[in-house]
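Single-structure report; data block below.
We name chains A, B, ... by the order of the sequence lines, and we start the count at 1 in each one. Excluded from the calculations below are hydrogen atoms, water molecules and symmetry mates; all remaining heavy atoms, backbone and side chain alike, are included.
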Amino acid sequence: MKILSIFLNVLLCGAYGILLGAVYNRIVARSQGRIGIPLHQNFLDLAKNQVKRTAIMHGIMFYLGPVFRLGGGVGLLLFVPLLPGAPGFANASGSGDLLLAMYFIFFGQLGMALGASESGHPYSAIGIARGLSQMTAFEVPFALAALAVAVQYGTFDVAAIAQAQQGGLFHWTVFTNPFATVAALIAFLGMTGQSPFDVVLAPQEIPIGPPTEYHSAYLAMMQLNRALFQVAKILLFIHLFFGGGANLLSLMAKVFVLFGLPMFVDAAFPRMRVDQSIRFFLRLPTALGVAGILLARWAH
Amino acid sequence: MVDFLLSPFGAWSLLLAGGFLFYPLHRKTPGLALALFWLVQGFALAMAGLAAWRLWGGAEPFWFHTAGYRPPLSISLRAGWPEALVLLLVHGAGLAVATHFRKALAENASAAVLFLVLQAGAAGMVMTQDAFNLYVFMEISALSTMGLLAVQGRARLFDALFHAMGVEALAALFFLLGIGLVYHLAGTLSLAGLAAQAPLLQTPTGLLAQGFLAGALLLELKPLIANGPAINVYETTSAAMAAWLSTGAAAAMAMALCKLLPLFSPAILLGLQTAGLATFVVGHAAALRQSQTRRLLGYSSVAFLGFSVFFLCRPEPGLLWPLAVLWGVHALAKTLLFFLTDRAGPLTAGNARWHKLGLLASVLALLALPPVPAFWAKWDLVMLLARTQPGAFAILLAGFFVEAFYLSRWLREQWALAEESGSARPWPWPDTALAAIGLGGLGLACAALQSAPAREFANLALAALAALGLLSRAPRFAQKGLALLGAGALAWFAAGRLADPLAQLFLALFTAGYAVAVLAADSGPRMPRHFHGLMLAVFAGAVMVVAADGLFPFFFAWEWLAGATFLLIWQGDADGRAARQYLLFALASALFILLGFGLQQSLAPTLAWTGLSARPLVWGPVLLGLAIKLGLVGWHTWMAPSYSRAPRDFTPFLAGAVNKAAVFGLLLLLLPQLGRIASGPLEWLVWLGLLGAFAGAFLALFEENVLTMLAYSSMGQMAYVIAALGLATPTGNVAALYLSINHFLFKTLLFVVAAGVVRQTGTPLMYRMGGLIKRMPVSFVSAMMAVIAMSGVPPLGGFGGKWLLYMALMEKGQPLAAGLAFFASAVGFLYMYRFLQSVFLGQLKHAGRAVRETSWSAIAAQGLLIVGIMVFSVYPQPLLQGLLQIAGADRGAAFLSVAADGRVATALGQWQPTQIMIVVAVVFGVLTALLLANRQKVVWVRQFNLVFAGERPDRPETTHFAYDMFAHYRRALGAFYQPFALRFWEAAGQGLARLGHAAGHLQSGQFHATLLAGTALVVLLCLGALR
């Protein structure tokens, strides 16, 4: 039963993530005066890639790269409860706490990086170097924000943190500790890899970035991961900063809002170089993270 | 008559008679005269030995009264314990010097006569019990020494000699003045009579007489600011005479001082002590800038004399034996060094080996590293001093470090000279063999004399030295097996005696680390000759560290470990630069530990860890000393050169296991102090630790050499351990232990892989590698496992270490520190990815096509470590429960616990290692299965079947992205990436050199300046006495 519920939860989050991707594609298209893709287009793309006739192979690690990547996404989803307090939506969150989720984010990144590197394509390696560098920088404000939350609520248990925010809008961390929340949200922008932090994938300069040599079934796995991983991270943010999910509907609404946040920033800001983004993350967002911790210690 | 003849007095008479008879005999039968010469020399030494033997057997001190009367009607001579020991040294040094001098003695009868008279004069100084007679013997010795120096006929020597004679005349003048005044007051010059009338010497005239006598003797002992001419003599005379001046002559003069000490007032004694200590420090400082061997050794000898004067003038009992041992070692080592460096032209390869061994043994003896007996002697003396004068004790330790600084530099230079072997040249085996045999004999004798635990350690150390010799001569194919057998026996023996779980844990860690490193080691001809022997010695040191049951045994083990590690690093370090750097930091570590132990003695004498005070003054230096060996930030500069230049097969053991000895030491220090030490002073350690983690990660990030990168990585990882220990909580201690075990597993594995890669590719530079996953797939898998374990990425054990660290930090209310730890950990992820990408992934170079997988034994070692990592990752709960017990975290309201269902929990969070592993394995397995379902569609592509920038590449060098991979990080945070610590230590080294320069100026060889300085010293002593 537990396995079935986990499977359904993964399926739900994956489908919702793919759908949200299409929705926001359409919104962006409309804002640019285009019609945009149909809502089912991403599902079709996924299926098409999965059934492609051939797949090139550079080696075992290359082969396993997307497995690591998707494994990281699914794993993160499993280690974060979908609805705190609801047994059917707890996934495998009893295995660990917030620290597990924070470190498990690296799992998929490492596997993907190793896989892409085996292709021998310099653009893959360049993209990975950029991506990892940027990741280490945005993880700092995120980690500080997460630590601030842990200090504030006296626990690393994600479900307990979400539960502690129940009782009203102003109990949410976003109101009780805005410094930590803003630091985490800025880090979240970096995590999504969208402008101004999109030099890693550099979508305008196809082909570049880690997935350069990946296609067909590999690409399908990575597309699926992109949707899943995004949802998993957003879930974590909701539980930490936005009061968690009281029920499935409110949770989906919150996911919808947070999913869209990077789109607006993407439309407004030009791209940063990696060294610029490192400096950026280690300045204001980090200072906000520190302020968040100090506030948490002072207030609690 | 027979009793007289078979005594030191008989020998002394024969020396005098030989001096008179030699010349006429030489004119008729030179051969017989020379035979007589050697006979008398040998006889003198034998009689000194016989006297010592008889005294050891309980005999009363020997007395000889001239003309059959007792003092004051006659002059008496005495040979008690002190005299017998000094005579042994004087005649031993005399025989060694004569052996080296043999050609000159055979060709020049005057020299032989002077040498016999010199020996008689020195022996007389040692035995006489009359103040005027002492003056006579001093003059006989001085004149014969001058004569011996003069017969060498060197122009520069005459110049130095003239100046030295001036000082000598000044000393003689003051001595005579002193004697005259003393006789005026007491009416006798017999030392016993003077001692009986000591109150008469407390009058102003008597005090003035004391000042003259003490000042004269001080001038003879080459004190600060008046020893310039003596140094010039050292420089210009022959090696044999330099050795004599440094040993026999100095010992006899020190004995002369001892005779008059009972007459001196406390003020005079204090003045002598001050002069001695200043001479010790400034003498060593002046040696820093010396490039000329003789001057360097001369300053070293002068400093040792100052050290002796300082201790001789102290009132505490029990100084005789330690000083005698130190003098013995000093005499043997200095004689050997003067002889060995008396060379012109290159050595043959065979000679060079022995030459280097002699140099090394002598320098290590002077540095008092165990099992050289000087180690025990120095410990006794400094502990005694620490109890009474902590300030002087600290100055003394600083002097020891300065001595190590210049001796190690000089050793490196001499070593390089010896390496330039070429044409055949006879090696003077009689000289060096004499000294080497004496050194070994003294070591054994001292080892046998120690208290039980120390004797065991000394015996083990000697056994390790024997094993080193045997293993080096064993066939290469058998060395590995023999080494493992020896280590296994040692571990078995130690395990049976250890009851403390902490010691058992670390013994297991050291044994496993040793076994894996030896298993993985190369067996080919490229392996350094002494590798396995020295590895065993290092292992023995590590075992001794865990078996030590008190402060002294621990210090013994610590010093032994440092010495053995230094030697092994040097095996792989061609120019010895890295090895010297290691030695200096290791000695600094030992001296800080000694400082802490010593300061404890000043508060409450104890030799137990549990007895150490909770005051920062005590534990602070010990903690710093131990943390230096973990690469504490600022003190880390030794790590990268040592790890990268040491033999590649040693580094896995060094980085994985040996450095854990410091963790063990820190736990020995801190565990008994839990709750006693105020957390405030320790808080800086947490921040220093995390700063080290951050610095280590950044240094590794920009490093191209794989071994150096892993070294910096070690620095960063061990910094987490330092931070965890700085928390001084049970959870922090558990975290430190857990992190240490994990570090042992992954870092040993990484260094085993790196050693294989470097061996196979012939380069340590990562950007020159690439694509090796195709050639070394097993090594890649091992490296990947190690990287995941290191990065803290679940599901491997590294995550547990990080989790425990964060919990410990949060428990202590340090979330900002946790944030810094997270950042350092993330950067660690970057450089480890780089290791995998640059070495194993990307494009395979053309040269890499010939590369083969590493040896089977190395693969087996990797397999064992991977099994360890997996067990540690899947089911660490039993280990954690053990660690909780060790760290005292299982008592009372424990913050951290291991539940029955396998949950590791604190009040803040929880972690289920087994469950995480299952989840990840299932997810990974399902996804892999899904992908495999499409396997029929896979098409393998060739290496260059890719397109970028509109080109299809054909050369891997242009396509492999590896060099300066994280340049953007450098651009972003380059301002922080500065070699602050290196610059600091370089500046410190230059500062020391400037200090040496200034100290050299203080000891001018100018005639008038020296005479003025000498007179000023005597006047100061007199004024001090009168005041």
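- Contacts of B:Met965 with chain A are made by both backbone and side-chain atoms, with heavy-atom separations under 4.5 Å.
- Using modelled atom types, one finds a donor on one side chain and an acceptor on the other under 3.5 Å when comparing A:Gln152 with A:Asn177.
- Side-chain polar atoms of A:Ser95 and B:Gln912 form no donor-acceptor pair below 3.5 angstrom.
- Ranked by heavy-atom pairs under 4.5 Å with chain B, the list A:Leu100, A:Val158, A:Leu294 is led by A:Leu100.
- Each of A:Leu70, A:Leu114, A:Val290 has some count of heavy-atom pairs under 4.5 Å with chain B, and the biggest count is that of A:Leu114.
- For chain A, the nearby parts of B:Tyr969 are the backbone and the side chain; heavy atoms of each come within less than 4.5 Å.
- For chain A, no part of B:Met832 is nearby; none of its heavy atoms comes within less than 4.5 Å.
- For B:Thr914, no part sits under 4.5 Å from any heavy atom of chain A, backbone or side chain.
- Using a 4.5 Å cut-off between heavy atoms, A:Phe68 contacts chain B through both its backbone and its side chain.
- Within the 4.5 angstrom heavy-atom criterion, only backbone atoms of B:Ala907 (N, CA, C, O) approach chain A.
- At a 4.5 Å heavy-atom cutoff, the contact between A:Gln50 and chain B is made by backbone and side-chain atoms alike.
- The contact between A:Ile56 and chain B is made by backbone and side chain atoms together, counting heavy-atom distances below 4.5 Å.
- Here A:Phe62 and A:Tyr218 bring their ring centres to under 6.0 angstrom of each other.
- Residue contact with chain A, scored on non-hydrogen atoms closer than 4.5 Å, involves the side chain of B:Val923 exclusively.
- Per-residue counts of heavy-atom pairs under 4.5 Å with chain B were compared for A:Leu78, A:Ile293, A:Asp157; the largest is that of A:Ile293.
- Ring centers of B:Phe835 and B:Tyr831: at least 6.0 Å apart, outside the cut-off.
- Considering only heavy-atom pairs separated by less than 4.5 Å from chain B, the leading option among A:Leu110, A:Ile105, A:Ile6, A:Val74 is A:Leu110.
- For B:Phe829, the part sitting under 4.5 Å from any heavy atom of chain A is the side chain, from C-beta outward, and nothing else.
- With no hydrogens or angles considered, a side-chain donor-acceptor pair links B:Glu853 and B:Ser779 at under 3.5 Å.
- Residue B:Phe840: no heavy atom, backbone or side chain, is found under 4.5 Å from chain A.
- Using a 4.5 Å cut-off between heavy atoms, B:Phe924 contacts chain A through both its backbone and its side chain.
- Interface summary for chain B: among A:Ser117, A:Gly96, A:Ala113, A:Gly71, the most heavy-atom pairs under 4.5 angstrom belong to A:Ser117.
- Counting only N and O atoms by type, the side chains of A:Tyr103 and B:Ser825 include a donor and acceptor under 3.5 Å apart.
- No side-chain donor-acceptor contact under 3.5 Å links A:Ser119 and A:His58.
- Contacts between A:Leu282 and chain B at a heavy-atom distance below 4.5 Å involve the side chain alone, from C-beta outward.
- Contact of A:Leu98 with chain B is not made at all, since no heavy-atom distance falls under 4.5 Å.
- Under a cut-off of 6.0 angstrom, the local environment of NZ in B:Lys774 is crowded, with over 12 non-hydrogen atoms contributed by other residues, nucleotides or ligands.
- Counting heavy-atom pairs under 4.5 Å between each of A:Leu132, A:Leu144, A:Thr286, A:Val151 and chain B puts A:Leu132 at the top.
- Proximity to chain A is limited to the side chain of B:Leu973, based on heavy atoms less than 4.5 angstrom apart.
- Looking at A:Val51, only its backbone comes within 4.5 Å of chain B, counting heavy atoms on both sides.
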